[in-house]
Amino acid sequence: MTIAVLLKQVPDTTAKISVNGGRVDENAVSKWSFSPYDEYALEAALQLKESVGGEIVAITAGPARCEKLLRDAAAVGADTLVHVSADNINHLDSTQVQKLLAAAVQKSGASVIFCGKQAADTNAGSTGPGVAELIGASCVTLVSEVSSDGGGYVVTRPSSAGYEKVVASAPCVFAFDKGVSEMRRPNVRGIMMAKKKPIETWSLGDLGVDIQANGVNIDSHSPPAEKPPGQKFEGAESVSTVVSKLRDEANVI
Amino acid sequence: MECTVIAETSGNSIHPITAQLVGAASSLGATPTVVIPGGAGAEEAASIEGVSKVISVVGDYFSTFDSGAWASAIAPQCSGVVIAGATPIGREVASRVAAKRGIPIIQDATGLKSGITITRPIYSGKVVETSTVSGDCVITLRANAFDAAGSGGSASVNVVDQSADISIAVKEAISKASERLDVSEANIIISGGRGIGEKENFSNLEDVADIIGAAVGASRAVVDEWGMPHSMQVGQTGKTVTPSLYIAVGISGAIQHLAGMRSSKYIVAINKDPDAPIFGVADYGIVATWEEAVPALKSALAAL
Amino acid sequence: MPFEALDFYDVDSLLTDEERMVRDMVRDFVDEEVIPKIEHACRDGVFPDEWRVALGEMGVLGAPLKGYDCPGLSYTAYGVICRELERGDSGLRSFASVQGSLAMYPIWDFGSEEQKQHYLPKMASGEWIGCFGLTEPDYGSNPGDMITKAEDMGDHYLLNGAKMWITNGTIAQLAVVWAKLDGVIRGFIVEKGDPGFSAPEMKGKHSLKASVTSELVFQDCKIPKDRILPGVKGLRGPFSCLNNARYGISWGAVGAAQACFDSAREYSLSRIQFTHPIASYQLVQNKLAWMLREITKAQLLAYHLGQKKDAGTWIPEHISLAKMNNVDIALEIAREARDIHGANGILDEYCIMRHMANLESVKTYEGTHDIHNLILGRHITGIQAFTREL
Ligand SMILES: Cc1cc2nc3c(=O)[nH]c(=O)nc-3n(C[C@H](O)[C@H](O)[C@H](O)COP(=O)(O)OP(=O)(O)OC[C@H]3O[C@@H](n4cnc5c(N)ncnc54)[C@H](O)[C@@H]3O)c2cc1C
Ligand SMILES: Cc1cc2nc3c(=O)[nH]c(=O)nc-3n(C[C@H](O)[C@H](O)[C@H](O)COP(=O)(O)OP(=O)(O)OC[C@H]3O[C@@H](n4cnc5c(N)ncnc54)[C@H](O)[C@@H]3O)c2cc1C
């Protein structure tokens, strides 16, 4: 069994994001990391491999800096490293990104795909289900746990009542929410092995994908509007006003 | 402009976000078709102002959420620009509809202008992205970011009985023991301080938390003095939290407390002392005793 | 919040990818498992056993040693590991220094093939802890005059004497003990449970509270003949171990200084006095600028020394300079940081006072500050000033 884990390198969630010339300034990002949900996906894949065997292919699409991410994945146990070389990954629209990843998954031979429910930069969450659609796979999102069950997989996801365990079989995509275990820490042996592991770089040509004109054009990135200055209200009567402001102005409930 | 809204359902009726999706479509000059996966609340949907027609897609696979089956059933009805809610189900189904049609998807939009120009927060709200789509696309909208369309419409309802292959089966349903969220994971936190008077009064905050799915936090004064668990403590020597909403009740706002919560997106303070430093960081300050304000908060939230 | 280490000159960009990955691994460990527990460990005066397990699992013990299941990293990587550990606590770094440089290293360099195969894999994995017995109650800076002695009894050795201030002693499965055999200093491996050997813990430390310090007592302690380290005679044995450990300390001190700087900067920005953050006052800025300056210099010293260690172009005096300087400035930075924190600086809520107290030990062990001055003095002038017999 080959498990593909889709990993995205994003600015660390604590890193400061600055905008320069209408675009997020990637050069100013102090630290790049795994997207946090991808870490849960990778850990769950490693555990699945430990229980039933198989091979893990770590796939990332992005510029050269992403190779670090693959090495980090190798250090904790990914077997094969695939870099889909795409310098402008954040400027491709979802159709193009999904086409690239779906082609890479197919080339890797994997029939089970683990990924995060959304990447911590765009927070979109289109990739897992989109790739599933393109390769004709079933998809479960917001997954916290996966185990093997004979031919299929038992997957835990939230439901309106709490949780449910659903069964799915390959080909399938599991998009992880916070999983049950944090990603393991690497060790020196893993790091030394990761250093030696080859990274396969697949170009668009290798994947037989040609990138078309973007359907979506990014006009600009800008810092969020300044919050209005704090407002102060007298008395408990004002509570309902504040609650409606929380809903309509702040959009937080 | 041709436009389809994928309705969000909740039990036997449509979810209120559906009217917001229609409202957003109308603001683009569209008179959308509303497609209802599973068909619940069709009449309700038909009465939303601005809807041109309602298509109820029915089939027994709608009893289990399988985005593959759902998307294949509704995609034939989704033409033009497709709008759905940025809810877990909405996002997943919309992604598959977009991939099926080979058109791009933009998730979690908070603003739309005809053109279509879309704004959405990225990097957890640290940046706003503005983009323009040229052809058809799928857009999911953040709940409560758009005005809901009114009622009074009278669109026709078509029922389409569609077959689809389901590939996911529910094996076991587990109802959630109501375990309290941890402050470091919660999107909303309500914290209490010494002003709450005594430990037992925290149950009032827990009631509020249950309504909005919040975690309950505490200042160090109450953790130390009333023996509340340290895991609840917010502040320099407790947890550093960044929820989208932080409600501080009876907390003065000492610098060490602020260190743990001042990066919250929105802060509400309830304190009887108008000069309490917590008001200096609050987006919405309420000068009142918690005895009056917390019950009012509870009923206002329950009424949402 | 993950720790963002002060690195003004971007010295870490000179590290290899592998060294940076090791750094991140240890840094995460310290953030997640050391910082949240350290104050507790200090109050209880214990070295948490799970740290031993984690160090073994990460595979950082005996970092620069090759073969026998040892990590085989560069000396620079070893330095980075020490720095990251000591950012958590000097006691944690002491554990790793003693295990790697003072217990594993002599076996690796001076042990027999059988000894290496028997001990090193277990020590690299953390299963067995080692300690290093050189200092005696009456002989500290002057270990050459030690009185612990070994006698060859034909089919075994008999050890008599006592060692003092021995890190890890009570929790160790084995001790590398330096004792005189026919008047010549030799290394012996003593195992826990050997007849006549005990290792009572020393209590009441105000420094390195999360590190175990012990006495080693030998009363007609009988050990098999194959426990002598065949490969070295004289002070060169213990001194080669000390060279490696001191080298690690020169990096470790930078970690402690970075932690104090970080806390002082944060605190000065949030502490308001006379209506403004104290960070806005020139006197405070002057202190912070001085810390930045000294930390940056210390980082460059440590890094360059690491390169020399890896290239084999170092002399012991290079290490003396770096150990002495970096510990000295770290201690001074801790004191300045304490001052910036005002009264809060004395609380164990902040790392400051702990680092400050720890660094007092670090200043003394592995060659006191002034002993390193004397080593450099001898190097400069060619005249040794340790004793009066010139
Ligand atoms: C090194 C250090 C670290 C610290 N770390 C933390 C930390 O991590 N987290 C933390 O919280 N604190 C921390 N503190 C403690 C901090 O300085 C404050 O003492 C603490 O936050 C005060 O808690 P409080 O706001 O609940 O209590 P108080 O300061 O006593 O405030 C109580 C508030 O309740 C209001 N009130 C009273 N009755 C009512 C009522 N009926 N209705 C509404 N409001 C009412 C009062 O007006 C007052 O503002 C730390 C202190 C130190 C020295
Ligand atoms: C926490 C801790 C852990 C330790 N762990 C170990 C361990 O694991 N193994 C081990 O063998 N030892 C260990 N030591 C012992 C340490 O190496 C000694 O303390 C150190 O070598 C200094 O010896 P001393 O304490 O006897 O001081 P002394 O040698 O008595 O020195 C006292 C003072 O006199 C000065 N001085 C000494 N000689 C001269 C001179 N000729 N000229 C000028 N000044 C001089 C010194 O600089 C110092 O200021 C540890 C010590 C501590 C505090």
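Labels below follow one simple rule: chain letters A, B, ... track the order of the sequence lines, proteins then strands, and each chain is numbered from 1. Owing to the predicted nature of the structure, the values given are computational and were not obtained by experimental measurement.
- Put simply, the side chain of A:D38 gets close to the backbone of A:K8: a donor and an acceptor are under 3.5 Å apart.
- Heavy-atom pairs under 4.5 Å with chain B were tallied for A:S240, A:G130, A:G235, A:S238; the largest tally goes to A:G235.
- Between the B:S263 side chain and the B:T242 main chain, no donor and acceptor come within less than 3.5 Å of each other.
- A parallel orientation is assigned to the rings of B:Y284 and B:Y266, their planes being inclined by less than 30° (bins at 30° and 60°).
- Residues of residues 291-304 of chain B lying under 4.5 angstrom from chain A, judged on non-hydrogen atoms, are B:E292, B:A293, B:A296, B:L297, B:A300, B:L301, B:L304 by number.
- The candidate from B:I122, B:V127, B:T110 with the greatest count of non-hydrogen atom pairs under 4.5 Å with chain A is B:V127.
- Ranked by heavy-atom pairs shorter than 4.5 Å toward chain B, the options A:K245, A:Q118, A:E133 are led by A:E133.
- Ranked by heavy-atom pairs under 4.5 Å with chain B, the first of A:S159, A:P223, A:A132 is A:A132.
- Using modelled atom types, one side-chain atom of B:D66 and one backbone atom of B:S167 make a donor-acceptor pair closer than 3.5 Å.
- Looking only at heavy-atom pairs under 4.5 Å with chain A, the residue among B:T64, B:I267, B:T132, B:D165 that has the most is B:T132.
- Contact count versus chain B (heavy atoms, under 4.5 Å) is highest, among A:D121, A:V140, A:T95, for A:D121.
- Considering only heavy-atom pairs separated by less than 4.5 Å from chain A, the leading option among B:P274, B:G280, B:A69 is B:P274.
- A salt bridge links B:R91 with B:D108: at least one charged nitrogen is closer than 4.0 Å to a carboxylate oxygen.
- By number of non-hydrogen pairs under 4.5 angstrom with chain A, the leading residue of B:A94, B:S124, B:S67, B:A214 is B:S124.
- Heavy atoms of other residues, nucleotides or ligands lying less than 6.0 angstrom from CZ of B:R262 number 12 at most.
- Under 3.5 Å, the side chains of A:E43 and A:S181 contain no donor-acceptor pair of N or O atoms.
- With a threshold of 4.5 angstrom between heavy atoms, B:A145 approaches chain A through its backbone and through its side chain.
- Heavy atoms of B:A143 lying under 4.5 Å from chain A belong exclusively to its backbone.
- The aromatic rings of B:F65 and B:W70 sit perpendicular to each other, their planes meeting at more than 60°, with 30° as the lower class boundary.
- Counted by atom type alone, A:E39 and A:S33 present zero donor-acceptor pairs between their side chains at under 3.5 Å.
- Interface remark: of the candidates A:K117, A:E249, A:E237, A:E249 forms the most heavy-atom pairs closer than 4.5 Å to chain B.
- When the candidates A:T13, A:V24, A:V19 are compared by the number of heavy-atom contacts under 4.5 Å with chain B, A:V24 comes out ahead.
- Only the backbone of A:A137 comes within less than 4.5 Å of a heavy atom of chain B; no side-chain atom from C-beta onward does.
- Using a 4.5 Å cut-off between heavy atoms, B:I106 touches chain A through its side chain atoms alone.
- Although no hydrogens or angles enter the test, the distance criterion places a donor-acceptor pair under 3.5 Å between the side chain of B:N144 and the main chain of A:I253.
- Under the 3.5 Å distance criterion, the side-chain polar atoms of B:S244 are left unmatched by any main-chain donor or acceptor of B:K265.
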